[in-house]
Novice: 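Pasting in a structure now, in structure tokens, and then I'll have a few things to ask.
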Amino acid sequence: MLRIHWLEIKYEFIKMLRMPQYSLPTLFFPVVFYIFFALVFNGRSGSGMSIATYMLATYGAFGVIGASLFGFGVGVAIERGQGWLQVKRTTPMPFSAYIVAKVAMSLVFSTIIVLALLFLGTTFGGVHIGFARALGLVVVLVSGSLTFCALGMAIGYFAGPNSAAPIVNLIYLPMSFLSGLWVPIWALPRGLQRLAFFLPPFHFAQLALRVIGGGRGLPAYVHVIAMTIATAIFLFVAYSGYRRDEGKMYG
């Protein structure tokens, strides 16, 4: 069983390397945003730390969410539409290997994005955080991707192969802006700051900010609870979509 899961992860990784239309935008989109909005316009944020340090957490969250949503949401929708999932069901491979491989790829791409932002911030942005905080930031951001893998899976089981990418963008981009990932949350109007409390990316970014000393307001356990509830809801929706597909296929 372990070998089957490992082989599925291996070939999922090879597939992603052969699809630059996924891998290149996923890796470079948050990096380019960080260069323009954090390094070029570097200064002091409302929390007292530099913009480059503050946005290391928020753009890290932004990049991780994108890798999870596009890897899972668009990937699953396309493979459903192509009938690839039906082909896999005819093999002895357990369905868990398919899910584990998708999650593993999201974790790999998330790690690369966070490390790239850390390199840019510390090398060109004057970011000074110790090794322990840097490691904590990587752990929080990469592990937090699981919530958005669940959201991506929910989208993938309800969206079609042609509509998945636009639907992901319609969810991903506004949700990121309203959660304070593009600009600091305190720079948004008061009403939008209240709305952010109900969005998972806000809690994700706040957990990352707390690691580097930029969190504000609520204690960490509130954000953890919010992320856990969101993950449970997304998994329930994804499972409903999976059961719907099973009903259509097998009656």
Side-chain angles (χ1 to χ4, degrees), residues 21-22 24-38 41 45-46 51 54-78 106 109-110 113-114 117 141 144-209 214-218 222-223 226-238 241:
Q21 66 271 28
Y22 164 76
L24 294 182
T26 299
L27 294 175
F28 288 112
F29 195 38
V31 169
V32 171
F33 264 50
Y34 184 73
I35 291 172
F36 280 117
F37 293 104
F41 299 104
S45 72
I51 291 292
Y54 184 94
M55 289 191 169
L56 186 60
T58 58
Y59 275 115
F62 175 67
V64 165
I65 295 169
S68 304
L69 290 183
F70 283 97
F72 242 110
V74 178
V76 171
I78 290 175
S106 296
F109 277 87
S110 296
I113 290 167
V114 176
L117 294 180
L141 288 174
S145 68
L146 296 176
T147 296
F148 301 96
C149 286
L151 174 58
M153 186 161 54
I155 295 171
Y157 269 107
F158 281 96
N162 295 323
S163 61
I167 290 173
V168 165
N169 277 317
L170 283 173
I171 295 173
Y172 171 45
L173 299 180
M175 188 169 61
S176 297
F177 175 77
L178 294 172
S179 298
L181 304 190
W182 290 5
V183 296
I185 190 67
W186 47 263
L188 296 176
R190 185 75 62 181
L192 294 183
Q193 292 184 39
R194 295 193 187 98
L195 175 63
F197 181 79
F198 299 97
L199 300 175
F202 166 75
H203 298 283
F204 184 33
Q206 289 302 308
L207 286 172
L209 284 167
R216 51 190 290 169
L218 299 170
V222 174
H223 302 302
M227 292 280 287
T228 304
I229 292 172
T231 304
I233 293 172
F234 298 150
L235 286 175
F236 175 77
V237 174

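Worth saying up front: this structure is predicted, and the values here are computed from it rather than measured. Heads up: numbering here begins at 1 and tracks the sequence.
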Novice: Name all pairs fulfilling the side chain to side chain donor-acceptor pair (under 3.5 Å) condition that reach into residues 144-157, sequence neighbours left out, sorted by first residue then second.
Specialist: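 Of all non-adjacent pairs touching residues 144-157, those that pass side chain to side chain donor-acceptor pair (under 3.5 Å) are Thr147-Thr231.
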Novice: Do His203 and Ile229 have side chains that get closer than 4.5 Å, going by heavy atoms?
Specialist: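 Answer no - side chains too far apart.
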Novice: Hey, what do you get for NE2 (His223) to CZ (Phe204), rounding to the nearest 0.5 Å?
Specialist: 13.0 Å
Novice: Which value, rounded to the nearest 0.5 Å, describes the distance between Leu56 atom CG and Leu209 atom CG?
Specialist: 9.5 Å
Novice: Considering non-hydrogen atoms only, spot the tightest contact between Phe37 and Ile51 and give its length.
Specialist: O-CG2, 3.8 Å
Novice: Less than 4.5 Å apart, side chain to side chain, heavy atoms only: is that true for Val183 and Phe177?
Specialist: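 Side-chain contact under 4.5 Å: yes.
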Novice: Which pairs pass side chain to side chain donor-acceptor pair (under 3.5 Å) with one or both residues in residues 164-177, sequence neighbours excluded?
Specialist: none
Novice: To check you understand the geometry: which heavy-atom pair defines the closest contact between Gln206 and Ile185, and what is its length?
Specialist: NE2-CG2, 4.2 Å
Novice: Contact between Phe158 and Ile167 at the side-chain level, heavy atoms closer than 4.5 Å - yes or no?
Specialist: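 Sidechains of Ile167 and Phe158: no contact.
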Novice: If you measure from CG on Leu192 to OG on Ser179, what distance do you get to the nearest 0.5 Å?
Specialist: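 Rounded to the nearest 0.5 Å, the CG-OG separation comes out at 10.5 Å.
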Novice: Roughly how far apart are Tyr34 OH and Met55 CE, rounded to 0.5 Å?
Specialist: 9.5 Å
Novice: Check Leu173 against Phe29 and note the closest heavy-atom contact, atom names and distance.
Specialist: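 So the minimum-distance heavy-atom pair works out to CD2-CE2, 4.3 Å.
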Novice: For a quick test of reading the model, state the closest non-hydrogen atom pair linking Ala208 to Leu141 and the distance between them.
Specialist: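 Nearest pair, atom of Ala208 first, then Leu141: CB-CD2, 3.7 Å.
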Novice: Nearest 0.5 Å please: distance from the CG atom of Leu195 over to the CG atom of Leu188.
Specialist: 9.5 Å
Novice: Using every non-hydrogen atom in the two residues, find where Thr58 and Gly180 come nearest and quote the distance to one decimal.
Specialist: CG2-O, 3.8 Å
Novice: Using 0.5 Å steps for rounding, measure from the CD1 atom of Ile155 to the CZ atom of Phe234.
Specialist: 8.5 Å
Novice: Taking side chain as C-beta onward, heavy atoms only, is Met153 less than 4.5 Å from Leu235?
Specialist: yes
Novice: Where is the tightest heavy-atom contact between Thr26 and Ile113, given as atom of each residue plus distance?
Specialist: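 Shortest heavy-atom contact: O-CD1, 3.4 Å.
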Novice: Out of the candidates Ser68, Ser106, Ser110, only one should pair with Phe148 under the side chain to side chain contact (heavy atoms under 4.5 Å, CB included) rule; please name it.
Specialist: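 Of the listed residues Ser68, Ser106, Ser110, the side chain to side chain contact (heavy atoms under 4.5 Å, CB included) partner of Phe148 is Ser68.
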Novice: Sequence neighbours excluded, which residues qualify as ring-ring contact (aromatic ring centres under 6.0 Å, His included) partners of Phe109?
Specialist: Tyr22
Novice: Give me the ring orientation class for Phe62 and Phe33: parallel if the planes are under 30° apart, tilted from 30 to 60°, perpendicular past 60°.
Specialist: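 Aromatic pair Phe62/Phe33 classed parallel.
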